[in-house]
K.L.:
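Quick one: the structure is below, and I'll ask about it shortly.
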Amino acid sequence: MSSDPQEVYLRTKGILPIQKLRVLSRAGIIQSAPGYPIEDDQFQPNSIDLRLGEKAYRVRCSFLPEEETVGDKLDKMSQYEIPITEGAILEPNCVYIIPLLEELQLPSHISPQKTLFNESEEGTSYRIISGEHLSAKANPKSTTGRLDVFTRVITDYSHRFEEIRSGYKGKLYLEVVPKSFPIRVKTGHRLNQLRLRHGYTVLSDQDILRTHSSNPLLFKENGRTVPVDDLKVNGGLFLSVNLHGKKGQIVGYKAKKHRNFIDLDKINHYEVSEFWEPIYAQQDDYLILEPEAFYIFASKERCRIPEHLAAEMIAYDTGSGELRTHYAGFFDSGFGGRIKDKGARAVLEVRSHDVPFLIEDGQTFCSMKFEPNAEVPETIYGEDIKSNYQGQELKLGKHFKQ
Ligand SMILES: Nc1ccn([C@H]2C[C@H](O)[C@@H](COP(=O)(O)OP(=O)(O)OP(=O)(O)O)O2)c(=O)n1
């Protein structure tokens, strides 16, 4: 057994990259339930995929357990439990709470140049030296959003979804609400992912413009870089929706209702026409969204996330709450490739609430918030790892035959 602890320095603020996530997992800051060791392919360029645990609790409604644990709340709210080790079907518009296999042991204080955490595994102990708080942010995976499955993480004594405060020690629970289709889930399925933040810093609009000038973030459909003067920034970089195409070209999809369930184990399996109605390009490039229906579109711009940055797509607030865009928001470093690859379209998941809503080609739909990585990730999206959506045009989730 080695007596000298391995020293791990977290020096720069930002999202922790894959190599640091691996170290934090070895050091016990990210843990998993007994019998379910963390698997290497859970690690993404700047996030870790989280896995569903053994049970789903059907609850009447969603909640935030500000004054108690999620377990206490479940004791009061759970209607019944479903074991999911062999798989189980979750019904549309029902709320389920599923304990995840991963847990967090975030250090509760910062103490520059002092040991934050010391744990040993297989004879190695780690000393993590950091000057910033470690917190975490969760988000649905892209595939989950493309299937219209609503998910968010809940933690004990928390008044916020998806955000996990510095010092949090405990379990993570996932609220899951399939919206359009029933889904079959099983222990170990990965519906969402987690990023760890060392301190918090976000690129200002000035930083975004400066970055784009030397390391382009957005490209036009013809592959040209969007001129910096044409970038729309205001607390993030705005993207717009594409409804334009040649005659007969599909520019979007609308989810059909009352379909058979989708087994999340079945990749490239389901017929698109069974589950989706295609939306064809119209001569005048507009569309009226039917209230409460779910649509998938692509962004007009092609985007690219340089390797030193991580990005998150945030819904564009129309000021009226009628239009809800996107559920899944993390963009990995490397998404959209190198400059010569000219980026890839982002997928926009859209629902209009209450009223029919007109959308037009090129309408602003969402914005991207950029955060620096604490270090450049050793692995980036589309390189070395199995990535499903690199170079994508309009693309449904990986369960459909395309
Ligand atoms: N609304 C969104 C959200 C994400 N993405 C892109 C950017 C991400 O880097 C990529 C993959 O996202 P996830 O890791 O969430 O997706 P999956 O695990 O489902 O796909 P993969 O198997 O490719 O990792 O999809 C997108 O085009 N549109």
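Indexing begins at 1, ligand by ligand and atom by atom, following the structure's order.
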K.L.:
Where on Phe331 is there a heavy atom closer than 4.0 Å to ligand 1, on the side chain, on the backbone, on both, or on neither?
P.N.:
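Within the 4.0 Å criterion, Phe331 contacts ligand 1 through backbone and side-chain atoms alike.
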K.L.:
Leu16 pairs by side chain to side chain contact (heavy atoms under 4.5 Å, CB included) with which of Ile48, Val23, Leu24?
P.N.:
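Between Leu16 and the candidates, side chain to side chain contact (heavy atoms under 4.5 Å, CB included) is satisfied uniquely by Leu24.
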K.L.:
What part of Glu349, side chain from CB on, backbone N/CA/C/O, both or neither, has a heavy atom under 4.0 Å from ligand 1?
P.N.:
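It is the side chain that touches ligand 1; the backbone stays farther off.
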K.L.:
For atom 17 (P) of ligand 1, which of Asp49, Thr143, Ile267, Asn192 has the closest heavy atom?
P.N.:
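Residue with the shortest heavy-atom distance to the ligand atom: Thr143.
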K.L.:
For the residue pair Tyr295 and Phe297, does the interplanar ring angle fall in the parallel (under 30°), tilted (30 to 60°) or perpendicular (over 60°) class?
P.N.:
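Ring orientation of Tyr295 relative to Phe297: parallel.
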K.L.:
Would you tabulate the side-chain donor-acceptor contacts of residues 266-277 under 3.5 Å, counting partners in other chains and residues two or more places apart, or write 'none'?
P.N.:
from   : atom 1 : to     : atom 2 : distance (Å)
Tyr270 : OH     : Asp263 : N      : 2.7
Glu271 : OE2    : Lys401 : NZ     : 2.9

K.L.:
Geometry only, no angles: is Ala346 polar-contacting ligand 1 at N/O separations under 3.5 Å?
P.N.:
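Ala346 vs ligand 1: no N/O contact under 3.5 Å.
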K.L.:
Could you tell me whether Arg146 approaches ligand 1 through its side chain, its backbone, both or neither, with non-hydrogen atoms closer than 4.0 Å?
P.N.:
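Near ligand 1, Arg146 shows its side chain, while the N, CA, C and O stay back.
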K.L.:
Keeping Arg197 on the side-chain end and Ser135 on the backbone end, is there a donor-acceptor pair under 3.5 Å?
P.N.:
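Absent.
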K.L.:
Distance under 4.0 Å to a non-hydrogen atom of Gln193: what atoms of ligand 1 satisfy this?
P.N.:
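Checking each atom against Gln193, I get 14 (O), 15 (O).
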K.L.:
Using atom types as modelled, flag every donor-acceptor pair under 3.5 Å from a side chain in residues 59-66 to any protein atom, sequence neighbours excluded.
P.N.:
from  : atom 1 : to     : atom 2 : distance (Å)
Ser62 : OG     : Arg152 : NH2    : 3.0
Ser62 : OG     : Glu175 : OE1    : 2.9
Ser62 : OG     : Glu175 : OE2    : 3.2

K.L.:
Looking only at distance, does Gln44 have an N or O less than 3.5 Å from an N or O of ligand 1?
P.N.:
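No, no N or O pair falls under 3.5 Å.
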K.L.:
Heavy-atom distances under 4.0 Å decide this one: backbone, side chain, both or neither, for Tyr381 against ligand 1?
P.N.:
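It is the side chain that touches ligand 1; the backbone stays farther off.
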K.L.:
Does atom CD of Glu67 have more than 12 heavy-atom neighbours from other groups under 6.0 Å away?
P.N.:
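12 or below, so no.
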